[in-house]
Amino acid sequence: MPLLVMKFGGTSVATLDRIRRAAKRVGREVANGYDVIVIVSAMAGKTNELVGWVEETSPLFDAREYDAVVSSGENVTAGLMALTLQEMDVPARSWQGWQVPLKTTSAHASARIEEIPTDNLNAKFAEGMKVAVVAGFQGISPEGRITTLGRGGSDTTAVAFAAAFGAERCDIYTDVDGVYTTDPRITSKARKLDKIAFEEMLELASLGAKVLQTRSVELAMRYRVPLRVVSSFEEYDPNAGTIVCDEEEIMESNVVSGVAHSRDEAKVTLLSVADRPGVAAAIFGALSEAGVNVDMIIQNISEEGRTDMTFSCPTNQVARADRCVQEAREKKLINFHGLEVDSDVCKVSVVGIGMRSHTGVAAQMFEALSAEGINIKVITTSEIKISVLIDRKYLELAVQALHDAFGLEKSG
Ligand code: ADP
Ligand code: ASP
Ligand code: MG
């Protein structure tokens, strides 16, 4: 029997009515002759509420208990989706991550999937079950504790199941009708892409385009999973949405194909650290051990053997970073004269595989930002992206200016 994976995000299962709508789509694929694995997120807003409860209870929480709490939202929707399907006479049952079992590493709150044995679900499909509804985002560690895969992790659950079960396709049903040149909530000029290359999608996702979790794109690329992003609110159309595929399958190409943003960034500067071998290793080693996701790094010009070291990280990790470097200073592992935090910054990036063969993209980007009077605080580049850190109040303006400057409204 051919098999499909269908993943419904939080807004697509936000109410009982929407769960019914989603279940009808599943029912249609069953009628088309498919066995279906449905991956569900928690109802919209639920995970944020659970995270809030954890942070209020324990600001520097034990990540194992964080996972025990925040994974629970998906349990509710998995059961409700299975019940809804049963009411429609579709043979369905729900599975929590540990029941499958979806085995992960023990990196709580950002665990990676290690293995998905197929025997349990396949035995049920063989007995006549048509739909396995699996709670997204969660798994089980080698120690037998519940883990979660990082925010947006249900996308990764979906792609991993599609790879493990050899699904014909993995459809990600969400609240937009595909992947756009930029977040359509920021500019109405954003254009939907019919196709996007894995590598570009990977960069866009890792730079903040939350329509797909980064790890889900990595897995789809590695295991050649046909991946499609579609709207769960529009009428069914087999050609709708965006296909994420190999570069070679894409005819049109702009040099820059998308603009991504990440709103909640902070810029942290350690003032006057010693400029000698081993210092950067000590600082960033300690931050990494404390679970701080450092992104951009700059070391300023050295004066008299001392220098300022600046890095960026998510705003909600500043307290953790602060505590970590203060502790390292107390233990005399590092030394600095002060700490400056700018929590009002954001990151805006342009992405495109065309950048490999075109020069001048950085200059064009900086000119477009300067024409709007936007000051750039930090810059990083890779082969197919350029990112800048700027004041958060300019986020929308910067995204719109770059979308215009690179002509993204029209296809190339
Ligand atoms: P779900 O709850 O279905 O997983 P998410 O909120 O995680 O949905 O992701 C969908 C959202 O991603 C959209 O509502 C949109 O605002 C945002 N988004 C950011 N960048 C893009 C982009 N380039 N294309 C489409 N959507 C984007
Ligand atoms: N519910 C989780 C989150 O909000 C996982 C997901 O929706 O993908 O991050
Ligand atoms: Mg999501």
Side-chain angles (χ1 to χ4, degrees), residues 6-14 18 22 38-52 54 66-67 69-78 97 109-111 113 134-139 147-161 170-196 200-217 228-233 241-242 244 256-263 346-352 395-396 399 402-403 408:
M6 302 171 75
K7 179 255 171 178
F8 294 93
T11 40
S12 312
V13 292
R18 289 193 184 170
V38 173
I39 309 294
V40 283
S41 288
M43 288 174 163
K46 191 72 213 173
T47 311
N48 284 346
E49 182 182 46
L50 295 169
V51 170
V54 170
Y66 167 95
D67 277 352
V69 176
V70 305
S71 62
S72 64
E74 272 71 9
N75 297 344
V76 175
T77 37
S110 57
I113 299 174
V134 179
F137 183 49
Q138 50 172 264
T147 53
T148 63
L149 307 177
R151 297 306 305 271
S154 297
D155 297 329
T156 303
T157 311
V159 174
F161 269 84
C170 179
D171 283 339
I172 305 287
Y173 284 86
T174 184
D175 58 0
V176 281
D177 61 347
V179 179
Y180 279 70
T181 47
T182 194
D183 189 342
R185 298 188 200 287
I186 296 224
T187 167
S188 56
K189 291 185 186 167
R191 178 172 53 89
K192 185 177 85 75
L193 300 163
D194 292 333
K195 291 183 174 176
I196 184 165
E200 285 174 329
M201 190 64 241
L202 196 58
E203 285 286 4
L204 285 176
S206 71
L207 295 167
K210 69 173 184 157
V211 61
L212 286 174
Q213 198 199 30
T214 311
R215 183 89 186 111
S216 72
V217 187
R228 192 171 69 146
V229 177
V230 262
S231 163
S232 60
F233 299 121
T242 301
V244 190
V256 166
S257 51
V259 181
H261 70 271
S262 165
R263 193 176 292 274
C346 67
K347 184 170 66 174
V348 175
S349 313
V350 297
V351 171
L395 189 148
E396 281 80 8
V399 170
L402 294 172
H403 199 269
L408 296 186

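Atoms within each ligand, like the ligands themselves, are counted from 1 in listed order. Quick note: numbers below take in every heavy atom, side chains included, and nothing from hydrogens, waters or symmetry partners. When a residue number appears, it is its place in the shown sequence, counting from 1.
With a 4.0 Å heavy-atom cut-off, ligand 1 is reached by the side chain of P184 but not by its N, CA, C or O. Using a 4.0 Å cut-off between heavy atoms, I172 makes no contact with ligand 1 at all. Contacts with ligand 2 closer than 4.0 Å are made by side-chain heavy atoms of E74 only, the backbone lying farther away.
Nearest protein neighbour of atom 25 (C) of ligand 1, counting heavy atoms only, is G178 O, 3.4 Å. Closest protein heavy atom to atom 11 (C) of ligand 1: D175 OD1, 3.9 Å. Scanning the protein heavy atoms around atom 7 (O) of ligand 1, the nearest turns out to be K210 O, 3.4 Å. For atom 4 (O) of ligand 2, the closest non-hydrogen atom of the protein is R151 NH2, 2.9 Å. When hydrogens are left out, the protein atom nearest atom 2 (O) of ligand 1 is G10 N, 3.1 Å; that is the closest non-hydrogen contact.
Using modelled atom types and a 3.5 Å distance limit, the side chains of T214 and S206 yield no donor-acceptor pair. Counted by atom type alone, E200 and S257 present one or more donor-acceptor pairs between their side chains at under 3.5 Å.
The atoms of ligand 2 that sit less than 4.0 Å from any heavy atom of S41 are 6 (C), 7 (O), 8 (O). Near Y180, meaning under 4.0 Å from one of its heavy atoms, ligand 1 places the atoms 22 (C), 23 (N), 24 (N), 25 (C). Near V211, meaning under 4.0 Å from any of its heavy atoms, are these atoms of ligand 1: 9 (O), 10 (C), 12 (O), 25 (C), 26 (N), 27 (C). Less than 4.0 angstrom separates some heavy atom of R185 from each of these atoms of ligand 1: 13 (C), 14 (O), 15 (C), 16 (O). Residue contact check: V179 has heavy atoms under 4.0 Å from atoms 24 (N) of ligand 1. Residue T174 approaches ligand 1 through these ligand atoms, each under 4.0 Å from one of its heavy atoms: 1 (P), 3 (O), 8 (O), 10 (C).
In this structure, G136 does not count as a contact residue of ligand 2, since none of its heavy atoms falls inside 4.0 Å of the ligand. The shortest heavy-atom distance from Q213 to ligand 2 is not under 4.0 Å. Within the 4.0 Å heavy-atom shell around ligand 2 one does not find G9.
Counting only heavy atoms from C-beta outward, the side chains of L50 and S72 approach each other to under 4.5 Å. At a threshold of 4.5 Å between non-hydrogen side-chain atoms, the residues K192 and D177 count as touching. Residues T181 and V259 form no side-chain contact, since every pair of their non-hydrogen atoms from C-beta on lies 4.5 Å or further apart.
Residue T156 holds its OG1 atom at 3.5 Å from CD of Q213, rounded to the nearest 0.5 Å.
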**Study point:** Criterion side-chain contact (heavy atoms from CB on, under 4.5 Å) on V351 and V256, from CA distance to verdict
**Key:** CA-CA 6 Å; V351 171; V256 166; over 6 Å; no

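Looking at G73, A42, S154, it is S154 that brings a heavy atom closest to atom 8 (O) of ligand 2. Closest heavy-atom approach to atom 16 (O) of ligand 1 among the candidates T11, D183, T242: D183.
Residues V51 and Y66 approach most closely at CG2-OH, 3.7 Å, considering heavy atoms.
Between the Q138 side chain and the T147 main chain, no donor and acceptor come within less than 3.5 Å of each other.
Where the criterion is an N or O separation shorter than 3.5 Å, residue side chain and backbone included, K7 meets it with respect to ligand 1. Every N/O-N/O distance between A209 and ligand 1 stays at or above 3.5 Å.
Between D171 and K7, no side-chain nitrogen of the basic residue sits less than 4.0 Å from a carboxylate oxygen of the acidic one, so the salt-bridge criterion is not met. Electrostatic pairing of R185 and E396 does not count as a salt bridge here, judged by no charged N lying under 4.0 Å from a carboxylate O.
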